[in-house]
Amino acid sequence: MTDLSRLTLEQKASLLSGRDFWSTKPIDAAGVPSAALTDGPHGVRRQAGTADHLGLNDSEPATCFPPAVAVGSSWDPQVAARIGQAIGREARALGVAVLLGPGVNIKRSPLCGRNFEYYSEDPYLSGVLGAAHVRAQQAEGVGASVKHFAANNQETDRMRVSADVDERTLREIYLPAFEKVVTEAAPATVMASYNKINGVYASENRWLLTDLLRDEWGFTGTVVSDWGAVSDRIAALTAGLDLEMPGTGGTTDAQIVDAVRSGALDESVVDDAVRRILSLIEQHPSETAGFDADAHHALARELAAECAVLLKNDHRVLPLEPTTSVAVIGTFAAEPRYQGSGSSRINPARLDTPLDAIRAIAGDVRHVPGFTVPDAVAAAAAADVAVVFAGLPDSAESEGFDRDHLDLPAEQVNVVRAVAAAARRTVVVLANGGVVSLEGWHDQVDAILEGFLLGQAGGGAVADLLFGAANPSGHVAETIPVRLEDTPAFHNFPGEQGHVRYGEGVMVGYRHYTTAQAPVRYPFGHGLSYTTFSTRGLAVEVTGDDTATVTVTVANTGERAGKHVVQVYVATGAGPVRRPARELRAFAKVLLEPGEERTVEFTLDRRAFAYWDIRYGRWVVAPGEYRIQVGEDATRVVTEESVDIAGDVITLELSMDSTVKEWFAHPIAGPALMQGMTAGMTPEQQAQAEQQQDQLRMVESMPMRQFAGFLGDAMPPAALEQLIEATRSGA
Ligand code: BGC
């Protein structure tokens with residue numbers, strides 16, 4: 001590595017912010033090259049001309065792979081990895097050192113305008129997919145930037161809003177995906193988000209960027225700011241933010257130099273950040289090679305088919321026969337919506353349309369462009385099957401703003417309803433980045449294929465799925481609600497007056513619906529196939545105080561090869577905190593030929609059972625009963641086994657602020673207290689006192705400090721203090 005003593009303070013400071021929009025500053029005299037960082041996450045957005053981070057100006061052609069919303073629905077780390085690998089290759093070919101992605105923020109509300117860039121409402125699923133993407137991309141020599149760290153779950157006021165999140169919720173919901181990626185895939189960089197967390201900008205948050213990220217999770221890479229996320233450069237640097245992007249024309253470099261010279265900033269802080277940036281640049285040399293655009297297009301098509309979710313398939317209307325006469329209706333058949341807007345927007349190397357791909361398979365196809373009821377109805381009535389391509393237009397969802405409803409445009413709903421009334425069979429293919437309401441037309445149609453956004457080859461993939469060349473295997477990675485009002489963040493999204501309160505706590509997505517037993521249109525984890533599967537033989541072996549092994553056998557009971565997603569949930573009421581009804585703790589996607597069966601094994605580690613305890617400031621596994629459930633989705637458990645987990649032996653340290661209940665529950669203090677209270681009593685009084693024990697409920701939440709007054713001489717303060725001492729020493 002470049003010897004830091006050979007660099008002046010000015011040169012060092014110059015490395016701490018960008019040269020321009022997309023690169024770091026070189027220091028020619030010291031042989032330090034410039035490194036290019038660019039978006040990400042589902043393709044390479046390399047701008048040669050006018051630069052911007054809003055997706056406005058064109059970039060070099062690159063393969064637009066399925067965005068994260070689709071990858072999340074694949075439930076397949078192989079899909080994430082193969083995308084990571086391919087875009088790693090393209091990034092290298094385009095001279096990019098760091099590709100900005102993946103985004104692992106949680107879909108807190110379906111309204112978030114950027115949900116298409118995120119995987120799921122579940123942190124475990126997001127973390128597994130994000131880690132697979134990062135490992136594969138970095139194996140190609142291109143650094144990743146896991147983003148947006150952290151609690152960036154909305155676009156409204158994203159540059160200022162304070163996400164007010166309690167500690168347990170942060171630890172259990174909003175941080176684990178980052179934690180998994182950082183600890184298991186070692187991303188080259190982590191991107192600090194725009195927003196504040198509990199009042200402190202993420203980019204200036206020392207707890208987030210240093211205590212947690214580096215000290216607790218062991219991150220050794222570079223922290224880069226989201227583009228323009230730094231408001232106070234010295235505070236950010238001190239908190240642990242190394243690289244400010246984009247460049248500021250040297251203004252903030254000069255501030256750093258001044259702060260060191262005035263003694264306000266220790267030069268060692270600058271040196272540490274410089275070392276990390278130099279190592280980033282040296283480990284990821286930009287080199288230009290080529291990539292096989294045709295092979296990547298074919299890969300994008302294959303992977304897109306893994307992502308789309310067959311929500312509904314009444315009368316087994318799908319797959320269609322090539323001989324079926326098809327009325328293809330709607331704008332998106334010929335002008336597909338395949339990616340979201342904003343900084344992740346790729347200039348696709350090629351673009352398939354569903355219409356062309358359907359025409360390549362089926363002989364009798366009539367297309368009705370746009371959404372006009374009379375034409376659509378006439379075509380639908382004349383065909384065997386009507387396939388309506390509906391979805392959200394580009395303008396409805398994007399980085400930069402949130403939606404304010406979940407509805408499809410009314411003209412589309414009118415067409416779907418009219419077509420469903422006129423056609424023999426109606427299939428709806430959806431294209432949308434965030435979930436949309438299916439109410440008002442769901443029951444009228446026979447089949448729904450939710451494509452979300454499938455990338456540049458999505459058109460081909462949709463045709464493959466409609467005609468059975470591919471078998472649907474996607475499962476929704478977020479709940480499709482009945483009403484927006486039912487969504488857990490409804491009362492607190494997107495916040496007001498600069499604050500958004502995460503009032504639903506850990507009850508995000510299916511955690512809420514399953515716990516409240518609230519109806520949903522389609523639950524988290526739902527997805528159909530053209531074949532059928534069975535699950536049997538669940539066995540759980542507890543392998544330690546807080547770990548277990550799960551085996552379960554799944555079989556393909558239908559007539560086509562297909563992929564089944566085995567979803568393992570853990571359910572418990574153990575511990576002092578409110579637990580969601582069940583939480584996803586393991587999953588696997590398994591390819592099964594007709595008649596084939598396989599036994600799948602999972603390891604449940606400590607974290608599969610743990611909750612975050614705010615009293616101890618750490619993960620705790622509460623002793624007790626845990627049900628290991630295999631679900632078809634988050635609401636349909638098909639088999640379950642109960643196990644006892646020893647967990648952590650934690651004896652609460654008592655104090656005068658502990659409640660009467662806590663005192664009586666304590667293995668040492670409880671019996672001693674009872675003995676002290678009943679010591680001077682006659683046997684009759686003692687029997688009476690024991691009978692009246694349930695009256696203790698009236699005072700059980702009273703702190704001992706107050707309750708002591710009622711105890712009088714039976715238990716004087718000194719005796720209580722002695723008991724506290726005894727519980728501390730375990731005597
Ligand atoms: C986005 C990031 C992106 C960056 C660079 C920001 O506005 O939030 O996700 O990587 O711009 O384009």
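For ligands, and for the atoms within them, numbers begin at 1 and follow the listed sequence. Counting begins at 1 with the first residue of the sequence.
- Aromatic ring orientation, W227 versus W22: tilted (interplanar angle from 30° to 60°).
- The aromatic rings of W75 and H475 sit perpendicular to each other, their planes meeting at more than 60°, with 30° as the lower class boundary.
- Aromatic pair Y174/Y502: ring centres closer than 6.0 Å.
- Within 4.0 Å of ligand 1, the residues that place a heavy atom are W22, D39, H53, L100, R114, K147, H148, R158, M191, Y194, D226, W227, S343, E399, listed by chain and number.
- A ring-centre distance under 6.0 Å is not found for H148 and Y194.
- Salt bridge absent: E282 and R276 never bring a charged side-chain N and a carboxylate O closer than 4.0 Å.
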Does the salt bridge (charged side-chain N to carboxylate O under 4.0 Å, His left out) test come out yes or no for D122 and K107, once each step is laid out? CA-CA 8 Å; D122 181 79; K107 301 183 201 228; over 6 Å; no
